[in-house]
Amino acid sequence: MGPGLGFSRLLLKLFLKTIRSFLVSSDVMWSDVWSDVRCRCTSRCQIRSYEYQIIFIFYLIAHTHTHTHTHTHTHAHTFYHQPGLYKSGSMYCTQCEAMGFRRITYYPDRPDNMAIFENIRIEANKESYPALLSNGNFVESGDVDEAPGRHFAVWSDPFPKPSYLFCVVAGSLGSIKDSYTTTSGKQVHLEIFSEKDNVNKLDYAMESLKRSMKWDEDKFGLEYDLGIYNIVAVNDFNMGAMENKGLNVFNTAYVLADPATATDTDYERVEGVIGHEYFHNWTGNRVTCRDWFQLTLKEGLTVFRDQEFSGDMGSNAVKRIEDVQSLRARQFAEDAGPMSHPIRPESYISMDNFYTATVYSKGAEIIRMYNTLLTEEGFRKGMDLYFERHDGQGVTCDDFRAAMADANDVDLDQFGLWYVGYYVFCIRVLHILYDTVYVPLCKRLGYTRLEHACLHALFLLSQFRYSTNGTPSITYSSEFDAESGVYKLTLSQSSNSGQPLHIPVSAGLIDKVTGQEVVPTTVLELKEGTQTFEFAGLKNDVIPSLLRQFSAPVKMVPSSGKVDEEALAFLAARDTDGFNRWEAGQRLYTSLCFQKLDGEMSDTTLNYVYDAFERTLADSDMDYSIKAYALTLPSEGTLAEEMSGAEVDPVALHKARGAVRVAIARKFQKELLSVYNDLTEAMSADKEFKVDAESVGRRRIRNTIMSYLTTIKETPEEQKVAAELATSHYNAATGMTDKMSALNALASMDGEGANARDEALQRFYDEANGDALVLNKWFSVQALADLPDALDRVKALTKHPDFTLSNPNRCRSLISAFTMNSSSFHAEDGEGYKFIAEATAEVDKINPQMSSRMGTSLIQWKKYGEKRANLMKGELKKLSEMKLSDDLFEVVNRGLK
Ligand code: BES
Ligand code: ZN
């Protein structure tokens, strides 16, 4: 046998092994899914250098040029959620992103393989599964002649798509219907399906869908392309929602909403997620990712689009604050821990682990920077060119950047560093070295190519550990020359990327004497390590307002390392940029919390904070929501992030933040109560329950104030007063938002407030009347309660008849919520960690996607000091000795490093 034949044998073996692992034959049968897949992948089926793809090559060659007919018997995962085909309650559905399609049938399951899925025929029992849905347009349906009681439906999707967008749903469903006419006059049938009991909670989603369709036409000139847009709500879903072409699948928590069960935040989320999945139709589906490393190409961009949409529908200023709060608390923390990665990750064991805050939120910030650098108009030009060039293709983040650069005739090469990871960097350097060092050296010394390559590789590995992960920081200093009226601002950047990044820093200047803005918002393009910007013609010295609107995902710190509280107080009162006015207040609160953490609060800082708080509370022009956010301290997560480098004691931090809240509440108790009463009066005068910006804002500020007032509960008398206030708040509640706020306050009450707490919890449970989403809230509120025995309560709740680990929402509502209860989760005896590790191991047996997410709560041990670090590592170690799923294995292993 010649060597050629041996190699073919090896390939054949590999090929067969691959097929075997994809085909899960079993006796549990659903209807057959017949798919006549007409491949249109043409030249895009190229061999990529990523190792995991190589096993597909053999098939691809055969597949791309033929018309295949596969007949697969597939088995639905009935008891737990796994990618592929599974059962949620009595409904069958699929989840194919990222690599679920290969668990349904044999197929080159990679995103750049775009094919037309024609004649998807679904067959099932008519009575149990009256609704049979798939992607694209409905073709026909009818009874199956040869099998009484069975019926079929056929669907065809005319648009080429990657297999991760394939979807099939079968069930007994109710629905609401509507229609939308696009600008060019096309009629689109809209339908949202759910279990029959929930059909009355679908209206808000439908309205949101129509608003999304309109917004994408107005803002980006993008119209919907099919005649049907279907959405299905399912109870068991690991993520929020999925953008399958023409057939979105939603977690019930992100689509159902009515005043009795959903909070204002839930409503906002429904609108945002509906928008997000709709916007994917262009950014994700029509133009998709070449490979999964490019995930941020579709997710970062689509998050940016949904953020802009939500901002335009409500308030842009409010939305920006919320998005930055979440970025700081979640993404900054992720980027400072062992899961840190560039927005374009470079390696993974399980792709599901890389649907991260970094890929999503930081990815969206990077798209936002194009918008800031190129202006909204330039960004639109770039988007137009992107679609013109790449419609129907699977592309990379570099293709997107090239479209932005070419459409605006600017150089964005340096901007590309935001995407660069370690390997890409090495390969780049290797190329340069090859041309400049290797070739000339080879010529001179005659070394063999191999030796040189090895030397270079070794050299690189030891020298260049650069990758644009981690949060970059910018330091600033300034000087003012009174004589010439010139103000010089010096910015210096530092990051892991090894070379300076291209960072837009939006800045404005405010006259110190007059308080007037003398230089309006200007985008400073920081491209060097250190750069000085000059502003001439100034009468007086100025206070800079930097990083307005949070123009880049960086940390901004004064070069001196010392917070200038006077400047912050000045900006908190006068900045014309709403975001930075809020930001200045937050920084003052942060100073105060840190002082309390280290000992005592200084009078100076206290006075700055009191001044800002008092002014905000009394301001009658301010938007209610902005006011609520301006009165709220940074979250514990954000504070922990701000302590960069220093050891975090989460229990002490929780106490310190709590003490600052109590100090403020006591100082302004009278004023707070008076504003609270005014708001209550205004609210009760407004009989109709509304979810518009005004009503939402009013509830938000009133709830914020109630929360301050109920923190005053040191003495038994105070406990009584606090419990009474929260109970009356509960009684007067007109919707879920107020009810939840009251319950939140009550759940943390003890002593004289304990009875009120228990009564409220029981009452809330009874009123829930079995509604799954409301019960989730009931579990969460207890998991987050600020009580010394919170862990015991959580443990007891795991035995509650309504609790189950197998429903992802329910599991998250208790177990994952508990990891956010910092004083109990991080209790010094390590019991919190132990509980989470055990629950994680349990969940791993049934839902690896969820267990790996739960596992991330244990990997941040480096920042928590030796004692806690050892306890957390101990739990990780125990997990690592068990037989784990790939997903959890990857997290645990990264976590132990
Ligand atoms: N494509 C994702 C959903 C997804 C990710 C499904 C990974 C399966 C595996 C979808 O577009 C998405 O990003 N959903 C988000 C919500 C969104 C508003 C950020 C989610 O599910 O959390
Ligand atoms: Zn998405």
Side-chain angles (χ1 to χ4, degrees), residues 79-82 88-89 235-238 251-253 650 740 743-744 746-750 754 757-758 760-859 871-872 874-876 878-879 882-885 887-888 891-892:
F79 302 108
Y80 46 87
H81 182 112
Q82 281 278 295
S88 171
N235 288 322
D236 302 280
F237 200 73
N238 274 338
N251 181 331
T252 41
M740 272 311 286
L743 192 67
N744 234 332
L746 283 158
S748 298
M749 290 194 184
D750 223 345
R757 172 196 68 210
D758 294 341
L761 283 169
Q762 186 57 47
R763 188 171 152 199
F764 188 91
Y765 178 84
D766 295 340
E767 286 168 1
N769 201 16
D771 184 292
L773 300 180
V774 180
L775 284 179
N776 291 343
K777 296 183 195 311
W778 182 77
F779 279 106
S780 288
V781 88
Q782 298 178 79
L784 288 163
D786 190 6
L787 292 175
D789 58 348
L791 177 59
D792 294 334
R793 290 166 180 272
V794 170
K795 282 183 181 166
L797 284 169
T798 60
K799 305 275 176 318
H800 193 279
D802 288 310
F803 186 74
T804 168
L805 285 179
S806 63
N807 173 256
N809 287 350
R810 187 58 50 83
C811 175
R812 267 191 291 265
S813 75
L814 185 66
I815 315 282
S816 308
F818 176 73
T819 65
M820 308 300 289
N821 186 337
S822 55
S823 43
S824 298
F825 174 56
H826 293 286
E828 266 182 296
D829 59 7
E831 286 298 313
Y833 303 148
K834 189 162 165 248
F835 170 72
I836 289 300
E838 285 168 4
T840 301
E842 207 50 40
V843 172
D844 196 46
K845 293 180 201 148
I846 54 170
N847 191 338
Q849 280 183 29
M850 199 160 53
S851 62
S852 71
R853 265 163 210 266
M854 286 163 67
T856 57
S857 62
L858 292 165
I859 65 177
L871 290 165
M872 286 172 126
E875 296 303 331
L876 286 173
K878 273 194 258 165
L879 280 173
M882 298 177 190
K883 188 175 167 342
L884 303 178
S885 66
D887 301 58
L888 182 56
V891 167
V892 167

| field | Glu831 side, atom CD; Leu871 side, atom CG - distance, nearest 0.5 Å | value | 9.5 Å

| Do Met850 and Cys811 come within less than 4.5 Å of each other through their side chains, counting heavy atoms only? | yes

| request: With rounding to the nearest 0.5 Å, note down the distance linking CD in Gln849 to CG in Asn238. | output: 4.5 Å

| Do you know the tightest heavy-atom contact between His826 and Pro650? | CG-CG, 3.3 Å

| said: side chain to side chain contact (heavy atoms under 4.5 Å, CB included) for Arg810 and Phe803? Distances and angles first, verdict last. | reply: CA-CA 7 Å; Arg810 187 58 50 83; Phe803 186 74; 4.0 Å; yes

| said: Show the nearest heavy-atom pair for residues Asp236 and Pro808, with the distance to one decimal. | reply: OD1-CD, 3.8 Å

| task | Could you check if a side-chain atom of Ile815 sits within less than 4.5 angstrom of a side-chain atom of Leu805, using non-hydrogen atoms only? | result | yes

| said: Could you measure the distance from the OG1 atom of Thr798 to the CZ atom of Arg793? Nearest 0.5 Å is fine. | reply: 14.0 Å

| field | Closest approach of Thr840 to Ser851 (non-hydrogen atoms, all atoms of both residues) | value | CG2-O, 3.4 Å

| message | Using 0.5 Å steps for rounding, measure from the NZ atom of Lys795 to the CD atom of Glu838. | response | 7.5 Å

| Derivation and outcome, side chain to side chain donor-acceptor pair (under 3.5 Å), residues Gln762 and Asp766 | CA-CA 6 Å; Gln762 186 57 47; Asp766 295 340; 3.0 Å; yes

| query | Can you find a heavy atom in the side chain of Leu784 that is under 4.5 Å from one in the side chain of Met820? | reply | yes

| Under 3.5 Å, is there a donor-acceptor pair between the side chain of Asn235 and the main chain of Asn807? | no

| message | Could you report the tightest heavy-atom contact between Val891 and Gly855, atom names first, then the distance? | response | CG1-C, 3.9 Å

| said: If you compare all heavy atoms of His800 against all heavy atoms of Trp778, which two are closest, and at what distance to 0.1 Å? | reply: NE2-CH2, 3.7 Å

| said: When you measure from the side chain of Ser813 to the backbone of Ser780, do you find a donor-acceptor pair of N or O atoms at a distance under 3.5 Å? | reply: no

| So, do Phe779 and Asn809 sit near enough that their side-chain heavy atoms are less than 4.5 Å apart? | no

| query | Is there side-chain contact between Asp802 and Tyr765, with heavy atoms separated by less than 4.5 Å? | reply | yes

| note | The reported gap from CG in Leu743 to CZ in Arg757 (rounded to nearest 0.5 angstrom) is 11.5 Å

| request: Of all the heavy-atom pairs spanning Leu879 and Ala837, show the shortest one and how long it is. | output: CD2-O, 3.7 Å

| field | Straight-line distance of Leu761 CG to Arg763 CZ, nearest 0.5 Å | value | 12.0 Å

| Can you find a pair of side-chain heavy atoms, one from Leu888 and one from Pro848, that are under 4.5 Å apart? | no

| field | Sub-4.5 Å side-chain heavy-atom contact between Phe818 and Ser824 | value | yes

